[in-house]
Amino acid sequence: QVQLVESGGGLVQAGGSLRLSCAASGRTFSSYGMGWFRQAPGKVREFVAAITWRGWYADSVKGRVTISRDNADKKVYLQMNSLKPEDTAVYYCAADRSASGLSLERLYDYWGQGTQVTVSS
């Protein structure tokens, strides 16, 4: 079993930056694919970024977002820059045992509770 705990969300003005963190439990963290997804009010949850040996990004955030991981500390990060009001959402961290899910939400095995990001205009 893997537990994921997100942190770092908050209120930021458009153009600002936030760094989300996800702390994971479990002994095999380094072998998991890790992803970030988000869900805006009234919308379905969508892929933001994923990382195995490199990062993958949704087109909507490419160039503004960087995903990284620290296997020793069992953490994954999402650095978000040039934030826009449309980035407002609850951001979820997810773990994929097969490390092949990438943008496919249904292939992720474990999910955190989410952290709210609100970008004001």
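Note that the numbering runs from 1 along the sequence shown for the chain.
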Working to the nearest 0.5 Å, report the span between CG of Leu78 and OG1 of Thr115.
11.0 Å
Lys75 side chain to Ala24 backbone, donor-acceptor under 3.5 Å
no
Carefully, step by step, assess Arg97 and Tyr32 under the rule side-chain contact (heavy atoms from CB on, under 4.5 Å).
CA-CA 5 Å; Arg97 288 178 299 182; Tyr32 292 159; 3.5 Å; yes
Closest approach of Gly9 to Val117 (non-hydrogen atoms, all atoms of both residues)
CA-CG2, 4.1 Å
Is there a donor-acceptor pair closer than 3.5 Å between any side-chain N or O of Thr88 and the backbone N or O of Val119?
yes
Please say whether more than 12 non-hydrogen atoms of neighbouring residues, nucleotides or ligands are located less than 6.0 Å from CZ in Arg54.
yes
Shared ILVMFWY cluster between Val48 and Tyr57, side chains joined below 4.5 angstrom?
yes
For Ser25 and Gln3, indicate whether the former's side chain and the latter's backbone hold a donor-acceptor pair under 3.5 Å.
yes
What's the spacing between Met80 CE and Asp87 CG if we round to 0.5 Å?
7.0 Å
For the residue pair Met34 and Thr52, establish whether any side-chain heavy-atom pair is separated by less than 4.5 Å.
no
Show every ring-ring contact (aromatic ring centres under 6.0 Å, His included) that has at least one partner inside residues 63-102, sequence neighbours left out.
none
Does Val12 form a side-chain contact (heavy atoms from CB on, under 4.5 Å) with Thr118? I'd like the steps, not just the answer.
CA-CA 6 Å; Val12 63; Thr118 303; over 6 Å; no
Least distance between heavy atoms, Ala14 atom then Ser121 atom:
CB-CA, 4.3 Å
Pi-cation contact, Phe29 with Arg69 (under 6.0 Å, within 45°):
yes
In Å, rounded to the nearest 0.5 Å, how long is the span from OG1 of Thr66 to CD1 of Ile51?
10.0 Å
Using side-chain contact (heavy atoms from CB on, under 4.5 Å), reason through Ile67 and Val76 one step at a time and then give a plain yes or no.
CA-CA 7 Å; Ile67 189 170; Val76 62; 4.0 Å; yes
Looking at every non-hydrogen atom in both residues, tell me the closest pair between Ala99 and Ser31 and how far apart they are.
CB-O, 3.6 Å
When you measure from the side chain of Asn71 to the backbone N and O of Lys74, does any donor-acceptor pair fall under 3.5 Å?
no
Nearest heavy-atom neighbours spanning Ser17 and Ser82:
OG-N, 4.4 Å
Ring pair (Phe, Tyr, Trp, His ring centres under 6.0 Å) between Trp111 and Phe37, worked out
CA-CA 10 Å; Trp111 292 83; Phe37 292 77; 5.1 Å; yes
To the nearest 0.5 Å, how far apart are CD in Glu6 and CD in Gln116?
12.0 Å
Minimum heavy-atom separation for Leu4 to Val2, with atom names?
CD2-CG1, 3.7 Å
Within one Ile-Leu-Val-Met-Phe-Trp-Tyr cluster: Leu20 and Tyr110, side-chain cutoff 4.5 Å
yes
If you group Ile, Leu, Val, Met, Phe, Trp and Tyr by side-chain heavy-atom gaps below 4.5 Å, do Trp53 and Leu102 land in one group?
yes
Glu105 side chain reached by Arg45 side chain, heavy atoms, under 4.5 Å:
yes
Side-chain heavy atoms of Arg19 within contact of Ser7, under 4.5 Å
no
Any chance you could measure Arg64, atom CZ, to Asn81, atom CG, to the nearest 0.5 Å?
9.0 Å
Would you compute the distance between atom OH of Tyr108 and atom CG of Asp96 and round it to the nearest 0.5 angstrom?
5.5 Å
